[in-house]
Amino acid sequence: MTNKSVKQLRLQSQKCINLLEQKSKKYGDSWRIAKLSTLIDMVLVKYGRLQKLVENPKENVNKIKSDLQDAANYSFMALQKLEEENNKK
């Protein structure tokens, strides 16, 4: 992977984290009480919605972007939950 690609992907991940921080002001750490399976379900819900939105990408660009960021953040949460559960063993 090129240095340019890494920088671009870091920027996208930072945008996701910024969105998560904004939403945390409203919802706090409520995701911590969710089960791993629930967080994965949330990723799948976003995936299903994205499948419909990409049928008209030009009309739905903001919704697609938002749902991709949400799916990434739910994935981050699920990864953290998995790590925490694995460390309990």
Query raised in the report: For the residue pair Ile64 and Pro57, what are the closest heavy atoms and their distance?
Result: CD1-CA, 3.8 Å
Query raised in the report: Does Met42 belong to the same Ile/Leu/Val/Met/Phe/Trp/Tyr cluster as Leu36, with side-chain heavy atoms less than 4.5 Å apart forming each link?
Result: no
**Report entry** Heavy-atom closest pair, residues Tyr27 and Ser30
**Finding:** O-OG, 3.3 Å
Requested in this report: First locate atom CD of Gln80, then atom CH2 of Trp31, and finally report the distance between them rounded to the nearest 0.5 Å.
Outcome: 5.0 Å
Report task. Test Val6 against Arg10 for side chain to side chain contact (heavy atoms under 4.5 Å, CB included), laying out the working first. Result -> CA-CA 6 Å; Val6 171; Arg10 272 202 185 111; 3.5 Å; yes
Query raised in the report: Rounded to the nearest 0.5 Å, what separation is found between the CG atom of Asn60 and the OG atom of Ser66?
Result: 11.5 Å
Query raised in the report: In Å and rounded to the nearest 0.5 Å, what is the NZ to OG distance from Lys81 to Ser37?
Result: 10.0 Å
Query raised in the report: Counting heavy atoms not belonging to Leu11, are there more than 12 under 6.0 Å from its CG?
Result: yes
Query raised in the report: What closest approach, in Å, do Ile17 and Asn73 show between heavy atoms, and which atom pair accounts for it?
Result: N-OD1, 4.2 Å
Report summary line: Of all heavy-atom pairs linking Ile40 and Ala78, the shortest is CG1-CB, 4.4 Å
Report task. Answer with yes or no whether the side chains of Asn18 and Gln22 bring together a donor and an acceptor at under 3.5 Å. Result -> no
Query raised in the report: Does Arg32 CZ have over 12 foreign heavy atoms under 6.0 Å away?
Result: yes
Report summary line: Here the pair of heavy atoms bringing Leu9 nearest to Met1 is CD1-SD, 3.8 Å
**Report entry** Rounded distance [0.5 Å steps], CG in Asn62 versus CG in Asp67
**Finding:** 11.0 Å
Query - Gap separating the CD atom of Gln51 from the NZ atom of Lys46, nearest 0.5 angstrom - result: 14.0 Å
Report summary line: Between Tyr74 and Leu39, the two heavy atoms sitting closest are CB-O, 4.1 Å
Report summary line: Between the CD atom in Gln14 and the CG atom in Leu19, the distance rounded to the nearest 0.5 Å is 11.5 Å
